[in-house]
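Just below is one structure, and these are the notes that go with it.
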Amino acid sequence: MRIAIAGFGFMGATHARALAGVPGLELAALCVRDPSTVSTAVRGNLDAGGAPLDISGVPIETDFERLLADPSLDAVDLCLPTPLHAPAACAALRAGKHVLVEKPMAASESDLQAMLEAASASGRVLMVAHVLRFFPAYQALAHAVESKEFGEPRAVRFRRKCAAPDWAPWFADPARSGGAPLDLLIHDIDMALHLFGPPEAAQASGRRDLARGIDLLAAQLSYPGGPVVSVDGGWHGRGGYPFSMGFTAVFDDAVLELAGELTLYQAPAPPRVLPTGEANGYAAELDYFARCCRAGEFPALCPPEESARAVRLALLLDEARRESGEWKKCRI
């Protein structure tokens with residue numbers, strides 16, 4: 001299966017590294033406006049790792065429409081700035097290509113609807129790259145919630161923190177990036193929806209000062225009769241603040257926590273670090289996408305309708321933050 005990557009910042013390079021390890025996937029082309037900007041050295045928060053990337057033999061296209069006109073191309077992987085997601089995805093779907101698009105899916109309701117309608121009309125696969133669903137530690141959490149092996153989940157707190165991204169100026173424009181709630185915390189917002197569905201209501205507090213690289217959010221999601229769910233983190237200024245992510249999940253009979261390592265606390269046994277293996281979440285995500293494309297199957301593990309709801313919830317939390325603590329009904 002031949003796939004092209006459009007956009008080659010740190011996420012495009014990360015996808016290319018992961019793609020190289022997926023059997024049956026061929027990196028057919030890169031699409032960038034300026035070939036001189038292509039670099040394999042760029043890195044970001046969540047990196048695919050692996051061997052150094054060799055793209056010396058990969059064709060570079062500067063015209064997206066010309067790329068889509070290639071009949072040998074099966075799919076495109078969109079690693080573009082958020083405002084370009086909807087027009088690029090819709091154009092690719094109309095051209096008969098399958099589409100994997102980086103998170104967030106889009107930044108407005110009109111763009112979300114355009115993408116969903118284009119996918120439905122095309123009969124091609126549209127999947128949003130919510131890679132957390134393919135990370136072993138978060139899959140272990142999902143299994144624990146679904147199987148109830150530790151009893152009912154009573155509280156889950158998601159955490160994600162980093163310095164403000166400085167590799168592209170558009171991140172500092174909230175109208176384009178959505179700031180930390182839409183660009184960073186969308187991972188945890190999506191995971192909460194994946195595990196528990198839409199909340200009844202939500203509230204948030206925090207602070208945004210993008211001139212200083214500060215964009216903080218502390219949110220609560222209300223599930224009456226269900227677990228207490230929170231999402232906390234954001235951009236912690238400019239400079240060297242390290243990236244971290246994790247969760248603490250309290251069940252009836254145990255606590256499962258990701259804080260570097262995935263640890264199970266279950267009395268009377270001592271704390272136990274659980275193996276998560278060497279699985280690469282990006283490679284697993286790309287492999288799943290490719291399998292759906294080959295089979296002509298809907299991406300049930302990461303459906304675009306759920307990705308659209310994640311955007312709506314992120315925007316709702318950003319709105320709730322501006323109202324500092326007011327609970328808002330969640331209609332997503």
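By convention here, the first residue in the shown sequence is residue 1. Quick caveat, the model's predicted, so the values are computed rather than measured.
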#### Entry: L116 reachable from L301 in the ILVMFWY side-chain graph, under 4.5 Å edges
no
### Query
Is M245 linked to V229 within one hydrophobic cluster, defined over Ile, Leu, Val, Met, Phe, Trp and Tyr using a side-chain heavy-atom separation of less than 4.5 Å?
yes
### Message
Enumerate the salt bridge (charged side-chain N to carboxylate O under 4.0 Å, His left out) contacts for residues 238-253, please, sequence neighbours excluded, ordered by first and then second residue.
### Response
R154-D252
### Message
I need the single residue from K328, Q220, R321, E326 that forms a side chain to side chain contact (heavy atoms under 4.5 Å, CB included) with Q203. Which is it?
### Response
Q220
### Task
Scan for side-chain hydrogen bond (donor to acceptor under 3.5 Å, both in side chains) pairs involving residues 77-89, sequence neighbours excluded, and state none if there are none.
H15-D77
#### Entry: Minimum-distance pair of heavy atoms, taken over all atoms of A28 and P59
O-CD, 3.3 Å
### Query
Tell me, do R133 and D190 make a side-chain contact under 4.5 Å, heavy atoms counted?
yes
### Query
Any side-chain heavy atom of L27 sitting closer than 4.5 Å to one from I5?
yes
### Task
For residues L193 and L313, determine if any side-chain heavy atom of one lies less than 4.5 Å from a side-chain heavy atom of the other.
yes
### Task
Enter the distance from D183:CG to E102:CD here, rounded to the nearest 0.5 Å.
9.0 Å
### Message
Please report the interatomic distance CG(L182) to CG(L315), rounded to the nearest 0.5 Å.
### Response
5.5 Å
### Query
Are L84 and V99 connected in the hydrophobic side-chain network, where two residues link if heavy atoms are under 4.5 Å apart?
yes
### Task
Mind listing the closest non-hydrogen atom pair of A283 and V22 along with its distance?
O-CG2, 3.6 Å
### Message
Checking P87 now: which residues fulfil side chain to side chain contact (heavy atoms under 4.5 Å, CB included) with it, not counting sequence neighbours?
### Response
none
### From K97 atom NZ to R2 atom CZ, the distance as rounded to the nearest 0.5 Å
9.5 Å
### Summary
The reported gap from CG in L132 to CE in M191 (rounded to nearest 0.5 angstrom) is 4.5 Å
### Task
Establish whether Y265 and L256 are linked, either directly or via other cluster members, by ILVMFWY side-chain heavy-atom contacts under 4.5 Å.
no
### Task
Please tell me if the side chains of L185 and F158 come closer than 4.5 Å, counting only heavy atoms from C-beta onward.
no
### Query
Any side-chain heavy atom of L210 sitting closer than 4.5 Å to one from F171?
no
### Query
Can R208 and D215 be counted as an ion pair, charged N to O under 4.0 angstrom?
yes
### Query
Hey, are R160 and D188 close enough for a salt bridge, meaning a charged N less than 4.0 Å from a carboxylate O?
yes
### Message
Could you check whether any side-chain heavy atom of H130 comes within less than 4.5 Å of a side-chain heavy atom of S307, counting everything from C-beta outward?
### Response
yes
### Task
Report the C-alpha distance between L317 and L221 in whole Å, list the side-chain angles of each, state the deciding distance to 0.1 Å, and finish with yes or no for side chain to side chain contact (heavy atoms under 4.5 Å, CB included).
CA-CA 9 Å; L317 293 176; L221 309 181; 4.1 Å; yes
### Message
Run the ring pair (Phe, Tyr, Trp, His ring centres under 6.0 Å) test against Y138 and tell me which residues pass, sequence neighbours left out.
### Response
F247
#### Entry: D74 and C293: CA distance, side-chain angles, deciding distance, side chain to side chain contact (heavy atoms under 4.5 Å, CB included) verdict
CA-CA 9 Å; D74 300 300; C293 295; over 6 Å; no
### Task
Considering non-hydrogen atoms only, spot the tightest contact between V76 and A92 and give its length.
CG2-CB, 3.5 Å
### Query
Taking atom CD of E323 as the centre, does the number of heavy atoms from other residues, nucleotides or ligands within less than 6.0 Å exceed 12?
yes
### Query
How about L195 and L141: do any of their side-chain heavy atoms sit closer than 4.5 Å?
yes
### Query
Quick one: are H236 and C162 in side-chain contact, heavy atoms under 4.5 Å?
no
### Query
Do L30 and I3 belong to the same hydrophobic cluster, where Ile, Leu, Val, Met, Phe, Trp and Tyr are linked whenever their side-chain heavy atoms lie under 4.5 Å apart, directly or via other members?
yes
#### Entry: Sidechain N-carboxylate O distance under 4.0 Å for R157, D232
yes
#### Entry: Inter-residue atom distance E319.CD - R322.CZ, 0.5 Å rounding
6.0 Å
Expected list for residues 118-129: side-chain donor-acceptor pairs under 3.5 angstrom, two or more places apart:
from	atom 1	to	atom 2	distance (Å)
S122	OG	A118	O	3.2
S122	OG	A119	O	3.1
S122	OG	R124	N	3.0
R124	NE	G96	O	2.8

### Task
Would you please say whether a donor-acceptor pair under 3.5 Å links the side chains of T248 and R159?
yes
### Task
Begin with the C-alpha distance, continue with both residues' side-chain angles, and end with the deciding distance and a verdict on side chain to side chain contact (heavy atoms under 4.5 Å, CB included) for L264 and E257.
CA-CA 7 Å; L264 176 66; E257 183 166 78; over 6 Å; no
### Task
Begin from the C-alpha positions of Q266 and F251 and carry the test side chain to side chain contact (heavy atoms under 4.5 Å, CB included) through to its verdict.
CA-CA 10 Å; Q266 188 176 33; F251 295 86; over 6 Å; no
Under 3.5 Å, side-chain donor or acceptor atoms of residues 63-71 against the rest of the protein: list the pairs with distances, not counting sequence neighbours.
from	atom 1	to	atom 2	distance (Å)
D63	OD1	E65	N	3.0
D63	OD1	R66	N	2.7
R66	NE	E61	OE1	3.2
R66	NE	E61	OE2	3.0
R66	NH2	E61	OE2	2.8
D70	OD1	S72	N	2.9
D70	OD1	S72	OG	2.8
D70	OD2	S72	OG	3.2

#### Entry: Spatial distance of atom CE (M1) from atom CG (L19) [nearest 0.5 Å]
9.0 Å
### Message
Looking at every heavy atom in both L262 and A140, which two are closest together, and how far apart are they?
### Response
CD2-CB, 3.8 Å
### Task
Identify the heavy atoms of P153 and P227 that sit nearest to each other, and give their distance.
O-CB, 3.5 Å
### Message
With a sphere of 6.0 Å drawn around CZ of R294, does it hold more than 12 non-hydrogen atoms of other residues, nucleotides or ligands?
### Response
yes
#### Entry: Considering all heavy atoms, the nearest M105-A308 contact
SD-N, 3.7 Å
